[in-house]
Structures are given as structure tokens and as C-alpha cells.
Amino acid sequence: QLQASGGGLVQAGGSLTLSCAASGRTTSNYDMGWFRQAPGKEREFVAAIRRGTIYYLDSVKGRFTVSKDNAKSTVYLQMDSLKPEDTALYYCAAGASLLTSTIRNPTNYFYWGQGTLVTVSS
């Protein structure tokens, strides 16, 4: 089970840190991803960490940082310089044996958290 938290309301330019805690399993065995879904839009890849490789959506590069603490079975998404277009429900997800070509596709993840809402006001 994945439990996401840390969402909230923030002004543009502000920061938030999302956490995703895995219970009953260790994150060291999985590829971990963050996705988001804005109202009326499809779920969108945001960031992922696979072994030592990190992937980002182009529009968040330089602003978001994904990290993983396997000892705590927790994945983080540090979000800085937030923009109104970052407003969405953010989900964490776990997959396994993902490739560079598949890690951005949400259908390749089999465990999902419940989502945490991030709202950025202008």
C-alpha cells in the first residue's frame, strides 16, 4: 500500500514536498514514479526513480526533485518554483523492471497511492 501526503495550497513560486510511504513492502525492490492529473486532463508522468537513474517531465526539470529513502520505504517529490499549471492531484506509484522506454507510462505501474492535491494560486 502506498500513502501519499504533503499536498496543499501554495502561492506561485512557493514550494511543497510530497511524501509517499510504502507499507508492507520496501521501495528498494521497485521503480517509483510520481504522476499528476489535472481536472479534465489525462494522468501525466512527472518524475521517476529507477535504481540510480532519475527521470523528469521536461516542464518540471530544474524545479522538482525526486528522491527515495529505502530505509524509510518512502519516496519524496520536492517541488520548488511552483506554477499554477502544476495544480493537480499527485499520485505516487510503484512498478518493477521498467525501462527507459516504459517508465513514463502509467499503465506499467501496478501499485498506486490515493493521491494528494496540490493547488498553486497565481
Side-chain angles (χ1 to χ4, degrees):
Q1 181 179 0
L2 301 177
Q3 182 74 34
S5 61
L9 173 63
V10 63
Q11 288 188 330
S15 298
L16 283 174
T17 300
L18 305 184
S19 300
C20 175
S23 59
R25 54 183 54 87
T26 173
T27 52
S28 62
N29 294 335
Y30 297 95
D31 303 323
M32 301 298 298
W34 285 97
F35 293 81
R36 66 187 182 188
Q37 189 164 18
K41 294 187 176 181
E42 293 187 351
R43 192 165 296 191
E44 175 184 51
F45 170 82
V46 176
I49 184 165
R50 178 179 70 93
R51 300 188 185 104
T53 304
I54 292 176
Y55 306 81
Y56 292 106
L57 176 68
D58 283 348
S59 63
V60 308
K61 283 181 181 176
R63 301 189 297 121
F64 290 12
T65 303
V66 63
S67 61
K68 188 167 66 164
D69 186 336
N70 289 327
K72 296 182 179 180
S73 292
T74 301
V75 181
Y76 304 95
L77 185 67
Q78 172 69 39
M79 305 185 296
D80 299 316
S81 301
L82 282 161
K83 304 176 180 180
E85 51 263 43
D86 295 319
T87 294
L89 194 58
Y90 282 70
Y91 298 89
C92 60
S97 301
L98 297 178
L99 305 175
T100 298
S101 59
T102 59
I103 201 165
R104 292 174 175 83
N105 189 333
T107 64
N108 293 315
Y109 291 76
F110 41 75
Y111 295 123
W112 287 86
Q114 83 288 4
T116 185
L117 182 61
V118 173
T119 304
V120 184
S121 62
S122 57

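Bear in mind the structure is a predicted one, so any value in this text is a computation, not a measurement.
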Taking all non-hydrogen atoms of both residues into account, name the closest pair between P84 and A12 and its distance. CD-CB, 4.1 Å
Ignoring hydrogens, what is the shortest heavy-atom contact between A48 and Y109? Give both atom names and the distance. CB-OH, 3.8 Å
In sequence, state the C-alpha distance, the side-chain angles, and the governing distance for V60 and R36, and then conclude on side-chain contact (heavy atoms from CB on, under 4.5 Å). CA-CA 12 Å; V60 308; R36 66 187 182 188; 4.1 Å; yes
Could you walk me through whether T87 and V118 pass the side-chain contact (heavy atoms from CB on, under 4.5 Å) test, one step at a time? CA-CA 5 Å; T87 294; V118 173; 5.8 Å; no
When you measure from the side chain of [X] to the backbone N and O of [Y], does any donor-acceptor pair fall under 3.5 Å?
| X | Y | result |
| --- | --- | --- |
| Q1 | A22 | no |
| K68 | T27 | yes |
| S73 | A21 | no |
| Y56 | V66 | yes |
| D80 | S15 | no |
| N108 | I103 | no |

Could you measure the distance from the [atom1] atom of [X] to the [atom2] atom of [Y]? Nearest 0.5 Å is fine.
| X | Y | atom1 | atom2 | value |
| --- | --- | --- | --- | --- |
| N70 | M32 | CG | CE | 9.5 Å |
| L117 | L18 | CG | CG | 10.5 Å |
| Q3 | T116 | CD | OG1 | 9.0 Å |
| C92 | Q114 | SG | CD | 7.0 Å |

Might you confirm whether atom CD of E85 has over 12 heavy atoms from other residues, nucleotides or ligands at distances under 6.0 Å? yes
In terms of the angle between their ring planes, are Y30 and Y111 parallel, tilted or perpendicular, with boundaries placed at 30° and 60°? perpendicular
For a quick check under 3.5 Å, do T17 and Q78 share a side-chain donor-acceptor pair by atom type? yes
With no hydrogens and no angle check, do the side chains of T74 and D69 hold a donor and an acceptor under 3.5 Å apart? no
Strictly under 6.0 Å, is that where the ring centroids of F45 and W34 end up? no
Does the side chain of [X] reach to within under 4.5 Å of the side chain of [Y], using non-hydrogen atoms?
| X | Y | answer |
| --- | --- | --- |
| V120 | Q11 | no |
| T119 | V10 | no |
| L77 | F64 | yes |
| L2 | C20 | yes |
| Y76 | I49 | no |
| Q37 | Y91 | yes |

Does one hydrophobic cluster hold both V75 and F110, with members joined at side-chain heavy-atom distances below 4.5 Å? yes
Hphob cluster co-occupancy, L9 + L89, side-chain heavy atoms under 4.5 angstrom: no
Give a yes or no on whether a salt bridge exists between K61 and D58, defined as a side-chain N under 4.0 angstrom from a carboxylate O. yes
Give a yes or no on whether a salt bridge exists between R63 and D86, defined as a side-chain N under 4.0 angstrom from a carboxylate O. yes
Is the positively charged end of R104 above the ring of Y55, judged by distance under 6.0 angstrom from the centroid and angle within 45° of the axis? no
